[in-house]
Amino acid sequence: MSGYDDIPFFDDDDPALRKPPAPNHKTGSPAEGGIAARAMAARDQHRVPDYLSGLNPEQREAVETLDGPVLVLAGAGTGKTRVLTTRIAHILATGRAFPSQILAVTFTNKAAREMKERIGLLVGGAVEGMPWLGTFHSIGVKLLRRHAELAGLRSDFTILDTDDVVRLIKQIIQAEGLDDKRWPAKQFAGMIDGWKNKGLDPAQIPEGDARAFANGKGRELYTAYQNRLKTLNACDFGDLLLHPIRILRSHPDILREYHQKFRYILVDEYQDTNTAQYMWLRLLAQRSPSSRAGTADGEQVSGSWPGDVSPASAQAGAGRRDAAVSASQKPQINICCVGDDDQSIYGWRGAEVDNILRFEKDFPGAKVIKLERNYRSTAHILGAAGHLIAHNEDRLGKTLFTDRHDPEDGKVIVHAAWDSEEEARAIGEAIESLQRPDRDGKRHNLNDMAILVRASFQMREFEDRFVTLGLNYRVIGGPRFYERLEIRDAMAYFRLVCQPADDLAFERIVNTPKRGLGDTTIRNLHDYARARDIPMLAAAGDIIETDELKPKARKALFDVVADFKRWSALLENTPHTELAEKILDESGYTAMWQNDKSAEAPGRLDNLKELIRSMEQFESLRGFLEHVSLVMDAEQNEDLDAVSIMTLHSAKGLEFETVFLPGWEEGLFPHQRALDEGGRSGLEEERRLAYVGITRAKRNCHIWFVSNRRIHGLWQSTIPSRFLDELPEAHVEVAETEQSYGGYGGRGGYGQSRFDKQEPFQNAYSTPGWRRAQANKTDATRDNWGNRSGHAIERIGYGESGPRARTIEGELVAKSTTTEPSRFSVGDRVFHLKFGNGNISAIEGNKLTIDFDRAGQKRVLDGFVQPV
DNA sequence: CAGATTGCCCTTTTT
DNA sequence: GGGCAATCTG
């Protein structure tokens with residue numbers, strides 16, 4: 001907890017900042033050949049550290065344009081991180097600012113860590129860290145801890161994770177007397193998150209949103225939630241941004257302090273910022289001369305929020321006051337945002353691509369620098385990706401290029417498979433053969449290969465396959481360490497010791513391990529606490545003095561209260577790892593797992609040990625708790641040579657020699673839901689995802705699609721993704737048929753005519769599946785893309801489960817689909833694309849149970865069989 | 001209170 | 001179909 005106050009604030013009189021301005025190395029040197037020029041060059045050579053020498057002209061411009069707002073549009077593989085870190089190094093090396101005067105924000109801890117490391121390398125470790133380099137959230141916490149009381153919190157507030165939030169909301173919904181089945185807490189948590197992403201207080205949410213939940217009680221519930229957080233002395237992730245925004249808006253003096261402090265602001269992945277983050281940045285970047293001079297005017301300018309979203313007004317104000325302020329104090333918004341609009345793939349969690357598209361308007365006079373020289377991929381890969389992304393309308397427009405033109409480089413290869421099983425098998429074989437040493441004895445490391453999927457359910461098939469092949473793989477982005485049950489339990493103990501008001505932690509562990517404190521006791525206690533408006537642990541302390549509880553429960557609760565009293569007393573003067581172990585032992589938590597004879601118990605004990613071990617590097621229990629709530633990634637075993645399997649989303653920022661992109665089928669990729677809910681912009685985001693996927697590849701990129709995929713347990717026939725048609729012929733080739741097509745149709749030839757004229761995949765489509773898809777194009781029930789399978793997904797999801805229908809229309813749809821007489825009857829003989837011929841043995845709505853001659857009994861949708 | 005059963009969801013994920 | 005969580009039942 002300590003450490004926040006000892007960061008000094010430097011003012012403009014800092015001697016270090018009065019050094020002569022650094023030479024300005026603009027692109028292009030002074031008149032070539034002249035003596036002066038050569039002398040300058042020599043001097044520069046002498047003065048300019050190595051770190052600038054390896055940069056290309058655009059990168060160098062991005063590094064050296066230190067004054068005024070800068071937007072660096074950095075395409076995939078163009079050296080974005082390098083620019084960012086070199087820019088910081090440059091600021092430091094030229095003495096323009098101290099490390100503590102640079103605010104550098106990233107989205108992930110990983111990115112922040114990487115940046116710190118690389119700056120350390122550049123500056124030679126001379127820099128004592130950068131206190132204000134971190135994620136939006138970690139910097140938010142830092143600000144909030146300093147000024148917590150202004151947000152109605154104590155500085156030791158707890159940060160709740162999503163799970164806690166959902167449990168809390170559930171309690172609130174129940175407390176309001178609402179049915180928590182009809183109004184799921186999880187859904188409401190999502191809504192709150194959405195509002196917070198937009199920077200909205202309960203009072204500011206749109207009326208429609210407020211009505212949409214719990215019979216119009218949305219706003220009340222949101223308010224109740226915020227109040228509850230306050231009494232719990234807790235924050236959710238959104239608050240880590242919103243509280244600081246509120247504080248900075250309503251306390252101009254504090255805002256001024258930060259304006260004076262932060263000379264340079266750098267933002268990574270700007271395309272991923274949401275509205276709240278944008279507001280936060282704008283507040284901090286909005287330096288007005290008066291705020292530096294400390295006049296009352298400054299309060300006016302910075303206090304004019306929220307109406308003042310447009311920086312134009314700040315600029316106008318700046319201009320007006322310029323005369324009154326000495327020239328050396330000319331205001332400067334030294335903000336540098338780095339991002340790539342083509343890689344904006346987080347719209348669904350509140351990111352506003354518009355922030356980056358609007359940058360020049362937001363920051364008049366901004367310098368926009370495009371980095372388009374790619375150092376990662378082959379010309380074919382860039383060509384394919386570039387042609388694909390050009391189909392998007394909402395973009396600033398960049399075209400990546402490379403100097404690398406090796407005739408050996410292969411094109412992007414499109415493969416077809418019969419079903420997902422074959423897809424996994426074929427990719428497995430491809431990986432094995434790549435891994436085998438070639439004639440020269442060289443082999444392709446598994447670490448250099450990745451399978452990037454759209455949705456995580458696709459991973460399973462690959463895992464299964466690789467297990468049978470004995471091929472090493474690692475899944476990136478699975479459940480995390482901190483999310484495990486035992487870790488969360490242990491953390492709840494620690495939290496409660498540090499923060500006795502943490503009712504969520506209390507409720508989690510009062511009866512874990514079992515202490516005979518069942519539902520009745522807890523409810524009792526809960527009501528008691530609520531009635532007196534005190535924390536549950538305190539209530540427990542009180543209630544054991546009364547005779548409200550049965551003796552057995554009373555005794556158990558007495559022990560719990562005594563335990564926590566004892567542990568809390570040890571908090572200040574016991575080494576925290578020791579205390580943590582003590583807590584787990586004395587509470588009986590360790591014993592609980594030792595006595596558990598289930599298969600996973602030993603693993604859980606290991607995890608607990610690991611938890612204690614990872615605590616060692618922290619100063620205190622509190623420090624550790626904060627780390628876990630914000631920095632939640634578990635490290636992977638880097639030593640193992642293994643193929644990576646991950647989603648396209650988690651692949652952003654990574655690169656691999658060889659990339660496999662399976663599942664390019666309509667409905668899956670682009671995902672049907674993105675299409676349904678996001679319309680054109682949803683489609684564009686999917687396309688950017690495809691772009692991200694392709695540009696991960698350095699040398700080889702293999703795209704796959706299948707004709708049949710099992711979705712929600714039902715086999716569905718699928719058609720190739722439209723994105724395949726958007727790839728340029730010049731950079732893509734279609735793989736020769738490697739497989740026989742499951743005994744059906746025989747040829748399955750995806751020949752060279754793939755990109756001929758209007759009808760791509762012509763040969764492939766001479767199958768019944770294709771013919772049916774064609775027929776569906778005239779079907780009134782098809783979706784916009786003639787995608788019957790997508791339509792079917794929707795029916796399974798909503799139509800059939802009548803009770804889930806929430807709207808009148810929904811109910812009508814549900815009724816009409818379930819009561820509609822099937823066009824089949826029991827006993828009919830039908831043909832199915834994958835399973836062949838069979839007889840219908842049962843019909844439920846549009847789901848048929850069919851006894852297939854060869855494949856046995858299966859349940860399939862009626863859309864996928866034809867009468868024979 | 002534990003084991004059995006039913007119900008529900010099923011895109012992407014950070015902090 | 002399958003995984004998980006809430007709910008039921010002995």
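Below, chains carry the letters A, B, ... as their sequence lines are ordered, and counting in each starts from 1. Source: prediction; values computed, not measured.
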Over how many whole Å does the gap from A:Lys196 atom NZ to B:dT15 atom C1' extend?
13 Å
For B:dT15 and A:Ser138 - does any side-chain N or O of the residue sit under 4.0 Å from the phosphate oxygens OP1/OP2?
no
For A:Gln187 and B:dC10, what is the distance between atoms CD and P respectively, to the nearest whole Å?
11 Å
Quick check for you: among B:dT12, B:dT13, B:dT15, whose closest atom lies nearest to any side-chain atom of A:Arg454?
B:dT12
Side chains of A:Thr512 and A:Asp489: do they bring a donor and an acceptor to under 3.5 Å?
no
Donor-acceptor pair present, A:Arg673 side chain and B:dT11 base, under 3.5 Å:
no
Between C:dC4 and B:dT11, how far is it from one P atom to the other, in whole Å?
16 Å
Between C1' of B:dT15 and CG of A:Leu144, the distance in whole Å
14 Å
Roughly, in whole Å, what's the span from NZ in A:Lys110 to P in B:dT15?
10 Å
With the side chain of A:Ser650 defined as its heavy atoms from C-beta on, choose the nearest nucleotide among B:dT13, B:dT11, B:dC1.
B:dT13
Among the nucleotides B:dT15, B:dC1, C:dG1, which one has an atom lying closest to any side-chain atom of A:His712?
C:dG1
Separation of B:dC8 P from A:Asp179 CG (nearest whole Å)
11 Å
Would you please say whether a donor-acceptor pair under 3.5 Å links the side chains of A:His526 and A:Arg523?
no
When all nucleic acid strands are considered with a 4.0 Å heavy-atom cut-off, which category describes A:Gly516: base, sugar-phosphate, or nothing?
sugar-phosphate
Ring of A:His671 versus six-membered ring of B:dT11: centres under 5.5 Å and planes under 30°?
yes
B:dT15 P sits how many Å from A:Asp163 CG, rounded?
17 Å
So which nucleotide from B:dT15, B:dT13, C:dG1 ends up closest to the side chain of A:Thr647?
B:dT13
Taking the side chain as every heavy atom from C-beta outward, state whether A:Arg488 and A:Asp161 have any atom pair closer than 4.5 Å.
yes
In whole angstrom, give me the gap between the P atoms of C:dG3 and B:dT12.
16 Å
Check the distance between B:dC10's P and A:Asp676's CG and give it to me in whole angstrom.
13 Å
Evaluate whether the aromatic ring of A:Trp348 and the six-membered ring of the B:dT12 base sit under 5.5 Å apart, centre to centre, with an inclination under 30°.
yes
Does this structure show an ion pair linking A:Arg688 with A:Glu685, if we count only N-O contacts that are shorter than 4.0 Å?
yes
Does A:His649 have its ring centroid less than 6.0 Å away from the ring centroid of A:Trp348?
yes
Thinking salt bridges, do A:Arg673 and A:Asp676 make one under a 4.0 Å N-O criterion?
no
Rounding to an integer number of Å, can you tell me how far A:Asn109 CG sits from B:dT13 P?
17 Å
Contacts of A:Glu269 that satisfy side chain to side chain contact (heavy atoms under 4.5 Å, CB included) - sequence neighbours left out:
A:Lys80, A:Phe107, A:Gln271, A:Asp272, A:Lys652
Does a donor on one side chain and an acceptor on the other come within less than 3.5 Å for A:Tyr691 and A:Asn392?
no
Dump every N/O contact between nucleotides 3-9 of chain C and the protein below 3.5 Å, one line per pair.
{"residue": "C:dG3", "atom": "OP1", "partner": "A:Arg460", "partner atom": "NH1", "Å": "3.3"}
{"residue": "C:dT7", "atom": "OP1", "partner": "A:Lys181", "partner atom": "NZ", "Å": "3.1"}

